[in-house]
Amino acid sequence: MSLPVTFHRAASAEFIEASAWYETKRVGLAIEFMAEIDRCVSLASEQPLQFVVVREDIRRVVAYRFPYSVYFRAEKHRIVVLAVFHGSRDPAIWKSRA
């Protein structure tokens, strides 16, 4: 059974911005990026405890093919996605959302 997923407003904005950027690089690449992030979020929703804790109660799913990770908090009845984050960005940004 998978848990419902909620996106932090900033995580949603990051996801949209990254998707738009990938589409400028190659037509259809945004769809591939979105599918990969969706796969990561689905994994977090289905098996949240299988992912390593990276800070306090925040866990991370690393994307394939793209230099992104999905940072999330597993709550009792839902998953909260805190960031859809490029690996070269300053981690203090997503940590401030915790």
Side-chain angles (χ1 to χ4, degrees):
M1 180 174 94
S2 60
L3 295 170
V5 176
T6 302
F7 275 76
H8 188 283
R9 181 176 292 144
S12 182
E14 288 164 348
F15 185 35
I16 292 167
E17 289 170 19
S19 298
W21 186 86
Y22 277 116
E23 192 63 20
T24 68
K25 298 305 169 195
R26 179 171 55 96
V27 173
L29 191 56
I31 297 295
E32 294 172 33
F33 173 72
M34 291 187 301
E36 176 56 18
I37 297 304
D38 184 54
R39 184 192 70 81
C40 293
V41 171
S42 293
L43 288 171
S45 173
E46 293 165 8
Q47 298 280 332
L49 302 182
Q50 82 174 10
F51 297 98
V52 67
V53 173
V54 293
R55 182 170 190 255
E56 298 170 11
D57 62 343
I58 299 169
R59 296 172 184 272
R60 176 181 69 186
V61 183
V62 178
Y64 297 138
R65 281 192 58 212
F66 299 94
Y68 277 80
S69 293
V70 174
Y71 292 87
F72 69 95
R73 175 179 287 126
E75 296 180 352
K76 187 174 183 178
H77 297 291
R78 69 179 181 162
I79 297 296
V80 179
V81 175
L82 299 172
V84 177
F85 215 71
H86 192 283
S88 68
R89 291 182 67 200
D90 182 359
I93 297 168
W94 70 258
K95 288 178 181 177
S96 70
R97 298 176 197 162

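Computed from a predicted structure; not experimentally measured.
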Query raised in the report: So among F51, W94, F72, which one has a side chain to side chain contact (heavy atoms under 4.5 Å, CB included) with I58?
Result: W94
Query - Minimum side-chain heavy-atom gap L49-R59 below 4.5 Å - result: yes
Query raised in the report: Is any side-chain heavy atom of E75 less than 4.5 Å from a side-chain heavy atom of I79?
Result: no
Query raised in the report: Do L29 and F66 have side chains that get closer than 4.5 Å, going by heavy atoms?
Result: yes
Requested in this report: Rounded to the nearest 0.5 Å, what's the gap from CZ on F85 to CZ on R60? Could you check?
Outcome: 12.0 Å
Requested in this report: Looking only at non-hydrogen atoms, find the nearest pair between E23 and G28 and report the distance.
Outcome: OE2-N, 3.0 Å
Query raised in the report: So how far is it from H86 NE2 to S69 OG, rounded to the nearest 0.5 Å?
Result: 10.0 Å
Query raised in the report: Does the side chain of M34 reach to within under 4.5 Å of the side chain of D38, using non-hydrogen atoms?
Result: no
Requested in this report: Working to the nearest 0.5 Å, report the span between CD of E14 and CD1 of I93.
Outcome: 8.0 Å
Query raised in the report: Does any non-hydrogen side-chain atom of E32 lie less than 4.5 Å from one of R65?
Result: yes
Query raised in the report: Are V5 and V80 joined in one hydrophobic group, where the rule is that I, L, V, M, F, W and Y side chains link up if heavy atoms are under 4.5 Å apart?
Result: no
Query raised in the report: How long is the gap from CD on E17 to OG on S12, to the nearest 0.5 Å?
Result: 9.5 Å
Query raised in the report: Taking F33 as the fixed residue, which of Y64, Y68, W21 is the one that meets the ring pair (Phe, Tyr, Trp, His ring centres under 6.0 Å) rule?
Result: Y68
Report task. Assess whether side-chain contact (heavy atoms from CB on, under 4.5 Å) is satisfied between F7 and V41, documenting all intermediate values. Result -> CA-CA 10 Å; F7 275 76; V41 171; 4.0 Å; yes
